[in-house]
Amino acid sequence: MAFFTHLTRRSLAQSAAMANAIKNVTVIGSGLMGAGIAQVAAQTGHSVTMVDIDPVAVGKAEKRIADSISRVAKKKFGEGDEATKFVSESLSRLRTSTDAVASVESADLVVEAIVENLKTKKELFSKLDNAAPAHTIFASNTSSIPIAKIAEATNRLDRFGGLHFFNPVPVMKLLEVVRIPETSSDTYDAMTAWGKAMGKVTVECKDTPGFIVNRLLVPFMFEAVRMVERGEASPKDVDTAMKLGAGHPMGPFELMDYVGLDTGKFIIDGWHKDYPDVEIFSPSPLLEKLVSEGKHGVKSGEGFYKYKK
Ligand SMILES: CCCCCCCC(=O)CC(=O)SCCNC(=O)CCNC(=O)[C@H](O)C(C)(C)COP(=O)(O)OP(=O)(O)OC[C@H]1O[C@@H](n2cnc3c(N)ncnc32)[C@H](O)[C@@H]1OP(=O)(O)O
Ligand SMILES: NC(=O)C1=CN([C@@H]2O[C@H](COP(=O)(O)OP(=O)(O)OC[C@H]3O[C@@H](n4cnc5c(N)ncnc54)[C@H](O)[C@@H]3O)[C@@H](O)[C@H]2O)C=CC1
């Protein structure tokens with residue numbers, strides 16, 4: 001018992017030390033996910049640089065963060081000085097940039113949240129590997145691409161892993177921490193401790209397709225799409241049924257619109273390429289049509305449903 005207590009104390013102390021070790025965080029990609037990750041990191045006392053190749057995306061992200069952080073502050077502190085202080089202090093920890101390479105020079109952790117494309121992610125990490133300090137941990141927020149395939153672009157496999165957040169990041173409590181065989185224990189522990197410092201509940205995942213949540217969620221979403229394609233139900237009725245009959249906060253079509261149909265298509269195209277015999281991953285004419293028309297869901301104003309811009 002004394003031995004166990006000693007071990008627990010030691011591992012708690014180690015976790016705290018590791019969480020403290022990650023102070024400077026660079027988030028690459030300022031879309032739906034990157035903005036949320038950067039926001040929560042700034043809210044929890046980290047010094048954050050949020051990067052995007054597209055300056056327009058950075059501007060939109062700043063606006064989304066300002067709106068979201070106000071909601072968080074109101075929920076935590078109500079109206080008044082404390083809420084104002086929380087918002088201004090959080091925002092003062094957040095910088096933006098369009099230069100990824102320059103932004104990792106003093107990073108302890110880089111979290112990549114750019115478009116769901118293996119080649120683009122590898123090109124990015126290859127450049128960052130030469131620019132970041134030796135101690136910097138690299139992590140990808142990919143929904144569906146094997147972490148090992150992305151990590152191949154670097155010479156720091158022991159300091160590479162997956163940190164898979166959920167949308168909307170300021171609200172969703174889960175963080176999947178993904179290790180590849182080469183991820184060192186120190187790296188894994190530091191990623192987990194950082195996740196907890198971000199206020200998240202962490203689960204340990206192997207580098208298997210879709211980790212835990214998406215392995216179950218993506219087939220569910222695509223079965224809903226097939227159901228509509230077969231003419232068995234309308235998107236609205238499927239959504240109503242899953243909300244009222246299964247207690248889901250959003251139906252699958254609302255959730256796909258929320259996540260982004262372009263991202264959904266990237267995921268399913270990648271899995272179809274890797275698993276051509278799995279029928280549920282074959283291309284969906286309905287999704288193809290919507291994406292080709294620029295209907296990417298809430299973020300573009302229309303997907304399965306229409307949204308006010
Ligand atoms: C095609 C294949 C694609 C596969 C894709 C895989 C993608 C991935 O890799 C993994 C993913 O992220 S999957 C998506 C996971 N997310 C979900 O399942 C969200 C489901 N929806 C919800 O939980 C609520 O509708 C939700 C929380 C969103 C909104 O809740 P409500 O409907 O009740 O709306 P509100 O009343 O506005 O909000 C409820 C509370 O949350 C606060 N809030 C909402 N959005 C916020 C935001 N962006 N920032 C800060 N706070 C926010 C809001 O203030 C409110 O708080 P209370 O006042 O305490 O209720
Ligand atoms: N949308 C969602 O619900 C979730 C998405 N993810 C994953 O997170 C990642 C990002 O997804 P979203 O934020 O939804 O995408 P998004 O489309 O909203 O944003 C992606 C951003 O990356 C930027 N970008 C593209 N290439 C870049 C590069 N080389 N350097 C810097 N910035 C670059 C784009 O300009 C864009 O602003 C993807 O890997 C996705 O699978 C993970 C969890 C949930």
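As the structure lists them, so they are numbered: ligands from 1, and atoms in each ligand from 1. Counting from 1, the numbers follow the sequence of the chain as shown.
- For NZ of Lys60, the number of neighbouring non-hydrogen atoms (other residues, nucleotides, ligands) closer than 6.0 Å is 12 at most.
- No path of Ile, Leu, Val, Met, Phe, Trp and Tyr side chains, each step under 4.5 Å between heavy atoms, connects Val178 with Met33, placing them in separate hydrophobic clusters.
- Ring to ring, Phe220 and His248 are close: their centroids are under 6.0 angstrom apart.
- Counting side-chain heavy-atom gaps under 4.5 Å among Ile, Leu, Val, Met, Phe, Trp and Tyr, the cluster of Phe266 also holds Val115.
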- salt bridge (Lys or Arg N to Asp or Glu O under 4.0 Å) between Glu254 and Lys243, intermediate numbers included: CA-CA 10 Å; Glu254 289 169 332; Lys243 285 188 287 185; 2.9 Å; yes
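- Protein neighbours of ligand 1 below 4.0 Å, counting non-hydrogen atoms: Ser68, Arg71, Val72, Lys75, Ser143, His164, Phe166, Asn167, Pro168, Pro170, Val171, Met172, Asn214, Leu217, Val218, Met221, Phe222, Pro249, Met250, Leu255, Met256, Tyr258, Val259, Gly264, Ile267.
- Residues with a heavy atom under 4.0 Å from ligand 2: Ile28, Gly29, Gly31, Leu32, Met33, Asp52, Ile53, Asp54, Ala57, Ala113, Ile114, Val115, Glu116, Lys121, Asn141, Thr142, Ser143, His164, Phe165, Asn167, Val259, Thr263, Lys299.
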- Step by step, would you call Glu176 with Asn214 a side-chain contact (heavy atoms from CB on, under 4.5 Å)? CA-CA 11 Å; Glu176 293 181 328; Asn214 286 345; 5.9 Å; no
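- The salt bridge (Lys or Arg N to Asp or Glu O under 4.0 Å) check on Arg64 picks up nothing, with sequence neighbours excluded.
- The aromatic rings of Phe77 and Phe86 are tilted relative to each other, their planes meeting at an angle between 30° and 60°.
- Phe125 and Phe138 have tilted rings, their planes meeting at an angle from 30° to 60° on a 0 to 90° scale.
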